[in-house]
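Written below as structure tokens is the structure these notes are about.
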Amino acid sequence: MATRDEQNRDVSLRKFSLDIRPLDLDLTLGCGQTFRWRKLPDGSWRGPVSDQLVTLKPNGKTVQALVKPGRRDADDLVSNYLRADDDIDRIQRVLGRDKILARGMRDVRGLRIVKMDEWECLVSYLLATFANIPRISGMVETLAGKYGKDIADGIKTFPRRAQLGKASERDLVRCGLGYRAGYLAELRDTVDDRRLEDLTRMDYRELRGELLELPGVGEKVADCVSLFGFGKLEAFPIDVWMERALSRLYGQKGSYRRLREFAGERFGQYAGYAQEYLYYNERLRFPRGECCFSDKTRR
DNA sequence: GCCCAGGAGTGTG
DNA sequence: CACACTCATGGG
């Protein structure tokens, strides 16, 4: 029987150091922006990046990465995923002009926005509607388990559009997707790879408009996909937690449009980072309820 | 059992 | 524009 840290002992794995600073794996991979990473008992994190299973382990001020050998660009793959080029000092300097934000920001300098695969991000946040994070995680894993390709140690890739093509809507309902199954089936039949490719060349404003045309994609999902899938740092997704944070800290209430315009003016080009800081802080205030970030190892 | 969730779609005032 | 209602379900 394979133990779950078997990969860590496998001498055939390639090991390299990632010098991305600041970087806090617990904050970045456990804060709810991405759904497939798991924290292992030894404190490292394991998850799939594209078709590559990656294990990341804090090592002093850097991070040690373990991957299967053979893929020479794994370093770039992971660096891109963790947005190594984001200048956190600059981002926090700009956002820190907001004194309300500045207060809690310093404690989470290692929280980085991730750059997910566009398709995986789009589907994940389509499923995320009206569900909590553990459940989103469960739906994504069920989909991967049924329709993804095996990578290693029972971990599967996130299924591409063509792989989901084998599933009927009824099959998708059986994955526990509920009413989301219909949206996913429709999305799968609407968005092909060329369309996704086109979207990568658009600016945020145009991209957002195009995403809103997709079935099951409203303003919140469009902003999450813009931010975490297409790397548009000016996007500012607003869910129930963000409504609470904006109300509590800034006295701002109202429609999505109104709140988004407030955030755009207040936080500008790095609104996405501001959103993650506020989101993290707001959820931290309510430790009861769903799993809380880093210290829970599921499954 | 009860409550809530990284909402969207549709209809109405 | 703004609301109100419905949608289906698992995890806390």
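Naming: A, B, ... by sequence-line order, numbering from 1 per chain.
- For the residue pair A/Asp76/A/Ser79, the side-chain donor-acceptor check at 3.5 Å is not satisfied.
- Salt bridge absent: A/Asp85 and A/Arg83 never bring a charged side-chain N and a carboxylate O closer than 4.0 Å.
- The gap from the C1' atom of C/dA4 to that of B/dG6 amounts to 22 Å, rounded to the nearest Å.
- Heavy atoms of A/Met139 sit nowhere under 4.0 angstrom from any nucleic acid atom.
- If you check the side chains of A/Asp107 and A/Tyr277, you find no donor sitting under 3.5 Å from an acceptor.
- With B/dA5, B/dG6, C/dT9 as the choices, the nucleotide that has an atom nearest any side-chain atom of A/Arg135 turns out to be C/dT9.
- Evaluation of the side-chain contact (heavy atoms from CB on, under 4.5 Å) rule for A/Ala128 yields A/Tyr125, A/Ile136 as partners, not counting sequence neighbours.
- If you find the closest nucleotide of DNA chain B to A/Ala131 and to A/Ala222, the one lying nearer the 5' end belongs to A/Ala131.
- Residue ring and nucleobase are not stacked for A/Trp241 and B/dG6 under a centre distance beneath 5.5 angstrom and an angle between planes beneath 30°.
- Atom C1' of nucleotide C/dT9 and atom CG of A/Leu172 are separated by 15 Å, given to the nearest angstrom.
- Non-hydrogen atoms lying under 4.0 Å from DNA chain B are contributed by A/Tyr125, A/Ala128, all within residues 111-128 of chain A.
- A/Thr28 and A/Asp24 share no side-chain donor-acceptor pair at under 3.5 Å.
- The aromatic rings of A/Tyr81 and A/Trp37 lie tilted to each other, with the angle between the two planes from 30° to 60°.
- In this view, A/Asp87 satisfies the side chain to side chain donor-acceptor pair (under 3.5 Å) rule with no residue, not counting sequence neighbours.
- A salt bridge does not link A/Asp19 to A/Lys61: none of the charged nitrogens lies less than 4.0 Å from a carboxylate oxygen.
- Rounded to an integer number of Å, the gap from A/Arg244 CZ to B/dG6 P is 9 Å.
- Shown for residues 251-276 of chain A: residues whose heavy atoms fall under 4.0 angstrom of DNA chain B, namely A/Gln275, A/Glu276.
- One finds a salt bridge joining A/Asp223 and A/Arg208 here, because a Lys/Arg side-chain nitrogen approaches an Asp/Glu carboxylate oxygen to under 4.0 Å.
- For the C1' atoms, the distance from C/dC7 to B/dC4 is 15 Å, rounded to whole Å.
- Under a 3.5 Å cut-off, the side chain of A/Gln92 and the backbone N or O of A/Met105 do form a donor-acceptor pair.
- For A/Gln252, the side chain to side chain donor-acceptor pair (under 3.5 Å) criterion is met by A/Arg258, not counting sequence neighbours.
- Using a 4.0 Å heavy-atom criterion, one finds that A/Arg174 contacts no nucleic acid atom at all.
- With rounding to whole Å, A/Phe130 atom CZ is found 11 Å from B/dC3 atom C1'.
- Rounded to whole Å, atom P of C/dG10 lies 17 Å from atom CD of A/Glu141.
- Rounded to a whole Å, the CG atom of A/Asp239 is 4 Å from the C1' atom of B/dG6.
- Atom CD1 of A/Ile133 is separated from atom P of B/dA5 by 11 Å (rounded to the nearest Å).
- Summarising the geometry, the separation between OH on A/Tyr280 and P on B/dG6 is reported as 15 Å, rounded to the nearest angstrom.
- Between A/Lys220 atom NZ and B/dA5 atom C1' the separation is 11 Å, expressed in whole Å.
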Which atom pairs link the protein and nucleotides 9-13 of chain B when you take only N or O atoms and keep those under 3.5 Å?
residue : atom : partner  : partner atom : Å
B/dG9   : OP1  : A/Gly216 : N            : 2.8

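- Taking a cutoff of 4.0 Å between a charged side-chain nitrogen and a carboxylate oxygen, A/Glu243 and A/Lys253 do not qualify as a salt bridge.
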